[in-house]
2 protein chains.
Amino acid sequence: MNDFTSSVADAKIPDATVRRFSLYLRYLEDFERSGISSVASGVLAERGGTTAAQVRKDLSFLGSFGKRGLGYSVKELTGVLRDVLGLDSVWRVALLGAGRIGTALFRYEPFRARGFHITTVIDNDPGKVGTRLGDVMIRGEHELECALREDRTDLVIVAVPAPVAQALVDRVVAAGVRAVLNYAPAQLRLPDDVALRNVSMTVELESLSHALTRLRRCR
Amino acid sequence: MNDFTSSVADAKIPDATVRRFSLYLRYLEDFERSGISSVASGVLAERGGTTAAQVRKDLSFLGSFGKRGLGYSVKELTGVLRDVLGLDSVWRVALLGAGRIGTALFRYEPFRARGFHITTVIDNDPGKVGTRLGDVMIRGEHELECALREDRTDLVIVAVPAPVAQALVDRVVAAGVRAVLNYAPAQLRLPDDVALRNVSMTVELESLSHALTRLRRCR
DNA sequence: CACTGCTTGTGAAATCGTTCACAAGTGGAA
DNA sequence: TTCCACTTGTGAACGATTTCACAAGCAGTG
């Protein structure tokens, strides 16, 4: 762990920790903008809704470069987190589905700001194919493989209806893409060496609804 | 646990389990449509990407009403899950922010189908106030409390820029709302008796980016 | 230097969630 | 009835994550 050769840890980092890294980074960027140069675990914890011990444990996966008595250098920590999250590369993203969700995702600026460039948009509606979404031409489903290769796509965002999703993703994987962000309400099956994250619009809402119901019943 | 008085468990159910309930319910509704009347844990597991033991353990939080040798009644299980997830009530939802994300969420049909009715839309852009989003009139920020009360809002979806979010949510909580679904990239502070779920568009993407980086470095 | 106040890094303990393994229940067939 | 194939429900083992507790390190002061 006390690896001084490079900034990035090689060991497996728990998923929960990686997700918190995203949050920490957000706060650190705020701090950087405010001109704060150093930050203690307790401060980050308060901002992120966890505990100081949690923050320190998380950061310890990256090596130990905090200064005892002082905290962490905002600048250094920002750099390390960007590095470990892979935010220094530009990732080439293909968006499958230019419906409501797809369009909203396409227009969501923070993606681009973080280095995720949507260079391909695919939709199977003939009325949409050939039109533009922002600066990207919408291409038909049959051009999928071709488009992925041409644009050297790293990552695919799935925003098509559930029934179509699996078939499309199979083709995407066959074309060599190794990361999928799935917004379709379907459980996708993929090989182990492909990274998958599911985002379900309804799951969070329903978990809230469950919490509300419990609150109601208690009083 | 072996509570035969009613269908709903009173004990605290792990959050991870509740989220899986949403998924199980989705699959069960598929099965129901296909006319399948009974389902074994293994089948649900395969569909949902977990294990049979996990499914049974999850469902055991709701009591035990599977039939050994047969599995679970699709109809009964659907009912129990809908009940525990609170999907039999209609929830009155207010949407804060009618920007890109807000609009996409408003138009997302599965919400309505699940009993989440967006009855209030608030935005502080004077150009939007007074116009309609679907069948709902967009109201100004100053009308917030008034609107929440009039519409007897149960739940609020926050889709405003991060800097505004906390102040708005404070008012929402003061007005008596007990559940918040937050799409703003900000960590909200709320009292303990208010349920909060954060959805971050970038966190999942960044966790994928991390995974991709790791994959890259390994070969 | 010694002392003080503050903060990290980290083993160890505690907590939480998942998987295992198997007794017990079910329906159907003989 | 007995046997068989199947499946649930659940204690116990396991594994992962979070929290605790504290030694060790740093900067500033006298």
Side-chain angles (χ1 to χ4, degrees), chain A residues 1-4 7 9 11-24 28 31 36-77 80-81 84 203 207 210, chain B residues 1-4 7 9 11-24 28 31 36-77 80-81 84 203 207 210:
Chain A
M1 257 337 98
N2 252 326
D3 183 348
F4 51 85
S7 44
K12 202 178 108 260
I13 299 172
D15 209 65
T17 294
V18 172
R19 282 217 289 281
R20 278 190 298 268
F21 283 165
S22 288
L23 299 178
Y24 299 156
L28 285 166
F31 290 140
I36 297 166
S37 67
S38 139
V39 68
S41 57
V43 177
L44 265 182
E46 200 198 359
R47 197 75 151 44
T50 44
T51 67
Q54 177 80 82
V55 171
R56 292 201 302 274
K57 187 63 104 181
D58 283 345
L59 296 182
S60 77
F61 283 102
L62 306 178
S64 55
F65 49 87
K67 297 261 175 291
R68 294 175 190 225
L70 288 183
Y72 300 87
S73 151
V74 169
K75 191 161 176 160
E76 189 185 2
L77 191 47
V80 173
L81 286 179
V84 78
V203 165
S207 118
H210 165 74
Chain B
M1 251 353 87
N2 253 324
D3 183 348
F4 51 85
S7 43
K12 203 178 107 260
I13 300 171
D15 208 67
T17 295
V18 172
R19 281 216 288 281
R20 279 190 298 267
F21 282 164
S22 288
L23 298 178
Y24 299 156
L28 285 166
F31 290 141
I36 296 166
S37 67
S38 139
V39 68
S41 56
V43 177
L44 265 182
E46 200 197 358
R47 199 71 152 44
T50 44
T51 66
Q54 177 79 82
V55 171
R56 292 201 301 276
K57 186 64 103 182
D58 283 344
L59 295 182
S60 77
F61 282 102
L62 306 178
S64 55
F65 48 87
K67 296 259 177 294
R68 291 172 193 230
L70 285 184
Y72 301 87
S73 151
V74 169
K75 191 161 177 161
E76 189 184 2
L77 191 47
V80 172
L81 286 178
V84 79
V203 166
S207 119
H210 165 75

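Side chains included, hydrogens not; waters and symmetry mates left out as well; all remaining heavy atoms used. The sequence lines fix the lettering, A, B, ..., with proteins before strands; numbering per chain opens at 1.
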Exercise. At what distance, to the nearest 0.5 angstrom, does CG of B/Leu28 lie from CZ of B/Arg47?
Worked result: 9.5 Å

[Y] and [X], any side-chain heavy atoms less than 4.5 Å apart:
| X | Y | value |
| --- | --- | --- |
| A/Phe21 | A/Ile13 | yes |
| A/Ser41 | A/Tyr72 | yes |
| A/Leu44 | A/Leu77 | yes |
| A/Phe31 | A/Val43 | yes |

Could you state the atom-to-atom distance from [atom1] of [X] to [atom2] of [N] in whole Å?
| X | N | atom1 | atom2 | answer |
| --- | --- | --- | --- | --- |
| B/Phe65 | C/dG25 | CZ | P | 19 Å |
| A/Phe61 | C/dG11 | CZ | P | 12 Å |
| A/Leu44 | C/dG9 | CG | P | 12 Å |
| B/Ile13 | C/dG17 | CD1 | C1' | 15 Å |
| A/Lys67 | D/dG25 | NZ | P | 13 Å |
| B/Phe21 | C/dG17 | CZ | P | 13 Å |
| B/Leu70 | D/dC6 | CG | P | 13 Å |
| A/Asp58 | C/dT8 | CG | P | 13 Å |

Exercise. Within the pair B/Gln54 and C/dG17, is there a side-chain N or O less than 4.0 Å away from OP1 or OP2?
Worked result: no

Problem set entry | Under 4.0 angstrom between A/Tyr72 side-chain N/O and C/dG9 OP1 or OP2 | yes

For this session: Check every strand shown and say whether A/Ser41 touches a base, only sugar-phosphate, or nothing at a heavy-atom separation below 4.0 Å.
Result: sugar-phosphate

Out of [options], which nucleotide sits closest to the side chain of [X]?
| X | options | value |
| --- | --- | --- |
| B/Arg56 | D/dT10, D/dA27, C/dG17 | D/dT10 |
| A/Pro14 | C/dT18, C/dT8, D/dT17 | D/dT17 |
| B/Arg20 | D/dT8, C/dT18, D/dT18 | C/dT18 |
| A/Lys57 | C/dG11, C/dT18, D/dC22 | C/dG11 |

Exercise. Between the base of D/dT8 and the side chain of B/Arg68, is there any donor-acceptor pair under 3.5 Å?
Worked result: yes

Seminar exercise, completed: Of A/Ala16 and B/Gly71, the one whose closest nucleotide on DNA chain D sits nearer the 5' end is B/Gly71

Seminar exercise, completed: Ranking B/Ala52 and A/Thr51 by the position along DNA chain D of their nearest nucleotide, the one closer to 5' is B/Ala52

